[in-house]
2 protein chains.
Amino acid sequence: MNSDFTLAIHSLTFLALQRDRMSTSDAISESAGVHPVRIRKVLSLLKKHGFIKSKEGTGGGFIFTLDLSEVNLWDIYRITSEGALQPKCPDSNKNCIVGANMKRVLFTIFLGAEEHLGEFLKNYTIKEVIDLVNQEQNSSCD
Amino acid sequence: MNSDFTLAIHSLTFLALQRDRMSTSDAISESAGVHPVRIRKVLSLLKKHGFIKSKEGTGGGFIFTLDLSEVNLWDIYRITSEGALQPKCPDSNKNCIVGANMKRVLFTIFLGAEEHLGEFLKNYTIKEVIDLVNQEQNSSCD
DNA sequence: ATATAATGTAATATTAAATATTACAGTTTA
DNA sequence: TAAACTGTAATATTTAATATTACATTATAT
C-alpha cells in the first residue's frame, strides 16, 4: 500500500483545523513531510469526491467545507486505496489444483477482509482524528 | 505488504493436500510461481512456530502434521506480516500540531484496525481454504 | 496589462522495497 | 561418497513508491 490514505487523512485534518482560510499545498506538504505535488495529487482525488474545494491563483489553496463528522476514514480509504489490501499473486501453476484456484480464493477472502476493515474505519471521522491529535498533544510533556 | 502471507497460505494449503508425504520447496515453488528460496524462507517461519516439520537430505522436504482446523489465517498473518498494515509515515513537522502528532494517532488507529482484521481472518482455517479451493475447482468449466 | 502566486497534471528521475538469484554449508539417504 | 534435500547469507534485479522538473492554467494585486 502506498501512503495516499494517510496523506489524505493528514491533509484533511490539517484543513479541518484551518477552516476559516485556504491552505496551500506547500503548507500542507511542510506539515506532512512530503513533496507538494503529491499533496496536490491526493487532494485532487478528494476534491473530485466533493470533500474539499480548491482555488487557483494568488491567495488560493484548499479548503474543507463539510462538517467534521461528515467524513470518515472508510470514505477516505475507498477514494485513495480501494483494493490495496489485495495481495499481488504471481501467476501460479494451472496444473496444480492449489495453483489454479488460490488466486481467486484469496481474492474473495481479501474482498471480505476489506469490507470488514471498512466497518472499523467508519468509526473514525475527521472529528475523532482531531480529538486524538489533541489528546496526543496534551499528553506529551515538553 | 509483501506477499509472505499469501505465500504461506498457498504453501500450507499445498502441504495440507499432501499430508501423507513430504513436499520439496521446488514442488511448492512451482505451484506458487515463485523462487524456491522464498518458499524455504517463509516455511522456515512456519516451522519455527510449529505449524510444519521439515527434513533435510534425500527424500526430505516439508510436511504439515497438525489438524486442518488448527491453523487459521490470523495465526499465519501474525507470523508472516504482523504490523504490515501500519503506514510508513515520513517524519513530519514537529512545529505543526498535526505533523507532531499524526504519526502516533495513525499508529493507534491502525493497531486497532489490525486487531479488527484479525477477528475476520480467524474465521478461515486451512480447512476452509481447501474447501474454497475445491469449490472454485468444481465451478470452473473446462 | 503584467507580474506573481497559486492549482493541475504529465513526464521523468530517484529511492526504497520486494523478489530473484547465486553460493555454499549442513543433513540425510542410498 | 555422491546426490538430493534444507538453511541461510549475500548480492543482483525488478518493481513500486516517491520526488522532481516542467509547464499550462487560473486568479489576484499593483
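Throughout, a chain's letter reflects where its sequence line sits, starting with A, and its residues are numbered from 1. Side-chain atoms are counted along with the backbone in the values below, which use heavy atoms only and exclude waters and symmetry mates.
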Take the protein atom [atom1] of [X] and the nucleotide atom [atom2] of [N], then report the distance between them rounded to whole Å.
X	N	atom1	atom2	answer
B/Lys53	D/dG7	NZ	P	14 Å
A/Glu56	D/dA29	CD	P	16 Å
A/Arg38	D/dA17	CZ	C1'	7 Å

Applied to residues 7-28 of chain A, the side-chain hydrogen bond (donor to acceptor under 3.5 Å, both in side chains) test, sequence neighbours excluded, yields A/His10-A/Ser31, A/Gln18-A/Arg21, A/Ser25-A/Arg40
Q) Quick one: are A/Asp4 and A/Arg38 in side-chain contact, heavy atoms under 4.5 Å? A) yes
Its 5'-most and 3'-most nucleotides having an atom under 4.0 Å from a non-hydrogen atom of chain B, DNA chain C is contacted over C/dA18 to C/dT29
Are the side chain of [X] and the backbone of [Y] linked by a donor-acceptor contact shorter than 3.5 Å?
X	Y	answer
A/Glu136	B/Met102	no
A/Asp75	A/Val71	no
B/Asn123	B/Phe120	yes

Tell me whether the side-chain N/O atoms of B/Ser44 come closer than 4.0 Å to OP1 or OP2 in D/dT6. no
Residue pair B/His35/B/Lys88 against DNA chain C: nearer the 5' end by closest nucleotide is B/Lys88
Assert: residue with more 5' nearest nucleotide on DNA chain D, out of A/Val37 and A/Gly59, is A/Val37
- [ ] Can you label the angle between the B/Phe51 ring and the B/His49 ring as parallel, tilted or perpendicular, going by 30° and 60°?
- [x] parallel
Side-chain contact check for B/Thr58: nearest option of D/dA27, D/dG7, D/dA3 is D/dA3
